[in-house]
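None of these values were measured; they are calculated from a predicted model.
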Amino acid sequence: MDIEEFATTLVRRHGTALDAASRDMATGALDAGEFEVAAIIVAEDAADVSAEEMEQLLALSADFDEQDVVVVRNIARRLAS
């Protein structure tokens, strides 16, 4: 699964768990082709993101820019604790 498919799946699966502003930002990021940003918004703001989904996001983050990788790692650490 590539980041576009993964981010789209995350937004669809967890969109109802997001507040309206986060949902709008995530769907806006998808529409703009900023798939990494959409996935990060969902991972950060949706309470029901699973450990498996975070593992997938971490694996996909190998292709992200350095700043996005740091954000993903910080989210993963916070969720793991």
Side-chain angles (χ1 to χ4, degrees):
M1 180 179 301
D2 65 10
I3 187 59
E4 180 177 359
E5 184 179 356
F6 181 71
T8 301
T9 300
L10 277 184
V11 172
R12 286 185 185 148
R13 185 176 296 153
H14 300 287
T16 58
L18 298 171
D19 62 39
S22 294
R23 187 172 39 256
D24 289 346
M25 288 190 310
T27 55
L30 283 180
D31 292 343
E34 296 288 337
F35 307 112
E36 296 90 346
V37 173
I40 289 169
I41 291 168
V42 173
E44 180 86 89
D45 295 344
D48 58 347
V49 173
S50 71
E52 181 181 317
E53 289 168 326
M54 279 309 301
E55 287 177 18
Q56 285 182 283
L57 183 56
L58 282 167
L60 289 168
S61 73
D63 295 328
F64 295 3
D65 66 35
E66 185 176 335
Q67 183 178 2
D68 288 342
V69 170
V70 170
V71 171
V72 170
R73 288 180 182 163
N74 286 336
I75 295 167
R77 274 191 218 107
R78 181 178 49 87
L79 293 176
S81 62

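Scanning both residues, Ala38 and Ala29, for their nearest heavy atoms gives N-CB, 3.7 Å.
Partners of Asp65 under the side-chain contact (heavy atoms from CB on, under 4.5 Å) rule, at least two apart in sequence or in another chain, are Gln67, Asp68. Remark: Ala59 pairs with no residue by the side-chain contact (heavy atoms from CB on, under 4.5 Å) rule, at least two apart or across chains.
Annotation: salt bridge (Lys or Arg N to Asp or Glu O under 4.0 Å) contacts involving residues 69-81, sequence neighbours excluded, comprise Glu44-Arg78. Sorted by first then second residue, the salt bridge (Lys or Arg N to Asp or Glu O under 4.0 Å) pairs that include residues 50-64, not counting sequence neighbours, are Arg13-Glu53.
Residues Met1, Ile3, Phe6, Leu10, Val11, Leu18, Leu30, Phe35, Ile40, Val42, Val49, Leu57, Leu58, Leu60, Phe64, Val69, Val71, Val72, Ile75, Leu79 make up the rest of the hydrophobic cluster containing Met54, defined by ILVMFWY side-chain heavy atoms closer than 4.5 Å, directly or through other members. Annotation for Met25: hydrophobic cluster partners, listed by chain and number, are Val37, Ile41 (ILVMFWY side-chain heavy atoms under 4.5 Å, direct or chained).
Note that CD of Glu34 is 12.0 Å distant from CD of Glu4, once rounded to the nearest 0.5 Å.
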